[in-house]
Amino acid sequence: MSLLGPLPGEELQPGLILQRGWFGRPAQEALVANLRDIIRAAPLFAPVMPRTGTPFSVRMTNCGPLGWVSDVRGYRYQPQHPETGAPWPAIPPVLLETWRELAGYARLPEACLVNWYEGKAKMGLHQDRDEDEFAAPVLSVSLGDACLFRYGGLKRKDPTRSVRLESGDVLLIGGASRLCFHGVDRVEAASSDLLPRGGRINLTMRRVTPG
Ligand code: MD3
Ligand code: FE
């Protein structure tokens with residue numbers, strides 16, 4: 001980080017701050033290499049919706065002391081991979097460094113959810129509210145193909161706006177936006193050559209407990 005700190009970023013709405021191009025190409029490639037190691041230790045799994053068992057269109061894994069999982073029993077954070085039972089691998093230092101620079105929250109994130117979008121994968125409008133600490137922001141890193149990201153207000157029916165998120169962009173979701181509805185409408189196939197087989201990866205760091 002420079003002595004002056006990060007540039008202010010683009011405030012899409014109060015508390016929702018976009019840092020375009022935060023990670024340059026070499027840093028993006030290094031993150032993909034980190035992810036290969038993470039996925040080797042904690043394979044991608046196919047989450048399903050609580051009760052109905054309908055599969056998500058994204059595959060997931062996590063790093064950090066806690067990981068977010070969804071199965072027929074519900075959504076929760078847990079310290080082990082749901083299929084291997086192993087503890088999640090560590091969050092890569094470069095991501096913790098980004099949290100320190102941008103989050104404005106003293107403690108470190110406990111969970112880093114990895115969402116892997118292939119083909120027509122998308123994510124419906126939802127809120128992130130499985131954490132016990134809403135004073136901490138959520139920090140999201142986009143890698144690979146660009147997507148159309150939708151965000152709105154605190155009620156599902158509030159009006160929404162869309163923004164295109166590209167590889168290397170970092171989105172800080174805090175303050176008045178922490179509990180906003182949001183989702184991913186579509187991924188633009190072949191818009192990036194970062195991933196050899198295409199697709200989009202989103203890394204989302206969260207503080208789960210007040211600590
Ligand atoms: C805006 N992931 O995993 S991350 C999720 O790109 C999730 O994979 C999306 O939503 C993805 O829960 C978006 C960025 C994000 C996270 C939380 C938000 C944006 C948000 C909360 C409020 C508003
Ligand atoms: Fe979310």
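Below, all heavy atoms of this structure are taken into account, side chains as well, without hydrogens, waters or symmetry copies. Counting starts at 1 for both ligands and their atoms, following the listed order.
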Kindly state whether the ring of Phe181 and the ring of His126 have centres lying under 6.0 angstrom apart.
no
Under the salt bridge (charged side-chain N to carboxylate O under 4.0 Å, His left out) test against Glu131, which residue among Arg76, Arg178, Arg207 passes?
Arg178
Minimum heavy-atom distance Asp169-Arg20, with the two atoms named
OD1-CA, 3.3 Å
Would Tyr77 and Glu110 count as having a side-chain donor-acceptor pair, cut-off 3.5 Å?
no
Taking any residue with a non-hydrogen atom under 4.0 angstrom from an atom of ligand 1, which ones do you get?
Leu113, Asn115, Tyr117, Met123, His126, Asp128, Val138, Ser140, Phe149, Ile173, Ser177, Arg178, Cys180, His182, Val184, Arg200, Asn202, Thr204, Arg206
Taking every heavy atom of Ala42 against every heavy atom of Asn62, the minimum-distance pair comes out as CB-O, 4.2 Å
Under the salt bridge (Lys or Arg N to Asp or Glu O under 4.0 Å) test, which residues partner Asp37, sequence neighbours left out?
Arg40
His126 atom NE2 and Asp128 atom OD1 as seen from the Fe ion (ligand 2), angle to 10 degrees:
90°
